[in-house]
Every structure is written in structure tokens, then in C-alpha cells.
Amino acid sequence: MLHDPLPCEDRVGRLRSEFPETGAMLIFNEKNIRYLTGFTGGEGALMAGPDWLTLLVDGRYATQARAETRGAEIFECRNRIEGIAAAARRHGVGSVGFESPFLSVEEYLNLKEALPEAALRPLPKDFGFLRAVKDLGEIDRIREAARISAEALASLRGMIRPGIREEEIALELEYRMRRGGAEKVSFETIVAAGANSAFPHATPGRRAIADGDCVMIDYGAVWDGYHSDETCTFFVGRASERQREVYRHVLEAHDRAIRAIRAGVSCGEIDGVARSHLAGEGLASAFAHGTGHGVGLDVHEAPRLAAGREELLRAGMVVTVEPGVYLPGLWGIRIEDTVLVTQEGCEILTRTSKDLTLI
Ligand code: ZN
Ligand code: ZN
């Protein structure tokens, strides 16, 4: 049975203790609003005072907000800036910390005009860290998303053969994830064959799979709001000596990073473990992205596993490990798993075997 996620009241309490504010906090990011109130509607603004919580929505979302939201009063307004100004005046707010990446310059200027007396300032940048440590209910949901996606991929492996196009595989995979219970896909599925696999973020096209291609598939499902993220690189028919060798190096970088993960280690250190292994094999410049990222209500969220990141991993964080080597004009290999950080190590949540696979 699935655990329920922690009640939103606990999360709002944590918000208040981790971001002490004398005035009110203004939250616009839809995933943060969902996390803090349970409201799944696409638009709104959440105002959190020291002892009050107001969710502002327009008429389209008022009924939904009343049904889904716990612990917040619902305030229906036609324009969110006017609504914020009215709520601020009602609660006598003197200062407002706002989520700056989600407020346009125009809205900021309008808000300033509507609240001439209030001090407006951006909330600290690491606000995303509020969601980084997952509770049991959230972990269950990510695990379920990973299970659905791996089953969908396993069921269509037989389709990956010479002649089929990248976009056909992507479409079928997305369909099977939805049929398997996913509410949507985590992101646009990447299926990249041959030279296309050398683009870390390729879009599936009309290219037909050929014998001897490597096929990179980066995919995931969403279940009850939570994402999974996994990349498999398969070889069709055969793999060259060089491909086998590079696959071994990428897999070793992936395995070493996973073995290094545990609570208390910095995100930058994990990136360094994967990066230094590939550098030692002369592949430093072919690995041109970070080693991983947090996964949850967003497919990319805090923390980032990248060079120089000093944040420490904590038990309950869910992060990806995804080293890759991309050789322009030839091919690319990425191997990605999503893992749950524990005190002593980590648990791999994504299900597909990462041993070199010929299909
Ligand atoms: Zn991915
Ligand atoms: Zn990823």
C-alpha cells in the first residue's frame, strides 16, 4: 500500500521555520503551491503570513481549490496582483518576500504600485530546497512512476529493430506508459539512434534504426504528480569494440558515483567521482553536462549534482546519476538511474538493467 504524503500543514511549518519572514511570503511556482497546499491547478498565488495562509485563484479554479486545499483560505480574484494587494492590506503586511523567478517585471512593477508602503524583495535563491528531501509518500510515488516506465520499455524492446523510426519508438513508449497508469510522461521522450545519440537532448525524428546503431532512450512517467527519469542505451545487433569500451567507462562512472552517494556527501563530490573517472579515460570533454539532478514534483529540481555544488546530500533526497559520453558525428552513450539517498548509501529506484544490452 502507498504511504500518504506528509500533511501540507507540516510543510508550511517547515517553510516558516526555514525561511523566517517578518512579513508575508509570496509563492507563484505551481509545484511549490501544490506541495504546500495540495492544490493541483495550474495557476495561482500563495501568500503565507506568520499565522495565516491565503491561496489566490481566478474563477476557473475556485471550486477545485476549495476541494483540494487544506489549511489555506481561498481568495477568488480576477487579477492576481490586485488580489495580492488586497490580501496584503487585509493582513496589514509591511514586507513581502516573493519568488522572483516566477514574477514578470511587469507584474513586479504593478505590485509595487499597488503596495507603495510595503517592502518587496526576492526570496532566497535556494527556495527549491524546500522540496528536496522526500517523505515516504513521495518516495512511493516516484517508485511507482519508475515501475510503470520500466514495464512499458520492457514490453516494447522487441520493436527496436532495423527499419523502425525513432519517433515510432517514442510514440509507442509514451502510449504504453499512459496505458500502464502514468498520468502523463515526465518530459518529451528522447529516442536517438546512431549519430543522433551524440546530441544529449535529441528529439526523436524520422531516422530509421539501422543494424549496428546504438539507441539512447531517455524517458519517464508521472504518477500522482511525481516523476521518474531513466536513460538506457542499447545496441542494435552488434556493438563495435570502441562502443563496448566507452560503454564500460560510462557504466563505471555511473557505478562509482552511485557507490559514493550517501547522506553527508556534497553534490559536487558525486559529480567529481563520475567526471574524474571519465577524464582518466581521456573522455573529459565528451561529458559536457552535470552528473545529475533532483527528481520529484518536477523532473529537474534541487539539488544539482554538478561541479562546485557544495550542498550536502541528505537521506530522503531523490537524485539522478547520468554520466554520458557524446562523440559528435558518431554516437553517444548515457546511462541514467534515479536513486534514493539513505544514511549509508542509496537505493536505485529505476528498474531497467544497465548491463550492456544487444537487441
Ligand atoms: Zn533523463
Ligand atoms: Zn535526468
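Just so you know, ligand 1 is whichever comes first in the structure, and atom 1 is the first atom listed for that ligand. Nothing here was measured: the structure is a model prediction, and the numbers come from that model.
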Q: Examine all N, O or S atoms of His300, backbone included, and report whether one is under 2.8 Å from the Zn ion (ligand 2).
A: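 Checking the Zn ion (ligand 2) against His300, no N, O or S atom falls under 2.8 Å.
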Q) Do you know which of Arg147, Arg334, Arg351, Lys354 makes salt bridge (Lys or Arg N to Asp or Glu O under 4.0 Å) with Glu230? A)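 With Glu230 as partner, salt bridge (Lys or Arg N to Asp or Glu O under 4.0 Å) holds for just one option, Lys354.
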Q.
So, 2.8 Å as the limit: is an N/O/S atom of Glu322 located closer than that to the Zn ion (ligand 1)?
A.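 It does not: Glu322 brings no N, O or S atom closer than 2.8 Å to the Zn ion (ligand 1).
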Just by distance, with hydrogens left out, do [X] and [Y] show a side-chain donor and acceptor under 3.5 Å apart?
X      : Y      : answer
Thr350 : Asp337 : yes
Ser155 : Arg176 : yes
Asp229 : His293 : yes

Q. Does the distance from a Lys or Arg side-chain N to an Asp or Glu carboxylate O, for Asp355 and Arg244, drop under 4.0 Å?
A.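 Answer for the salt bridge query: no.
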Q: Starting from the Zn ion (ligand 2), look over the N/O/S atoms of His293 and name the nearest one.
A: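 Atom name returned: NE2.
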**Q.** N, O or S atom within Glu336 nearest to the Zn ion (ligand 2), by name
**A.**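 Restricting Glu336 to its N, O and S atoms, the minimum distance to the Zn ion (ligand 2) goes to OE2.
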Q: Could you check which N/O/S atom of Asp218 is closest to the Zn ion (ligand 1)?
A: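 Closest N, O or S atom of Asp218 to the Zn ion (ligand 1): OD1.
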**Q.** Proximal heteroatom of Asp229 relative to the Zn ion (ligand 1) (N/O/S)
**A.**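 Asp229's closest N, O or S atom to the Zn ion (ligand 1) is named OD1.
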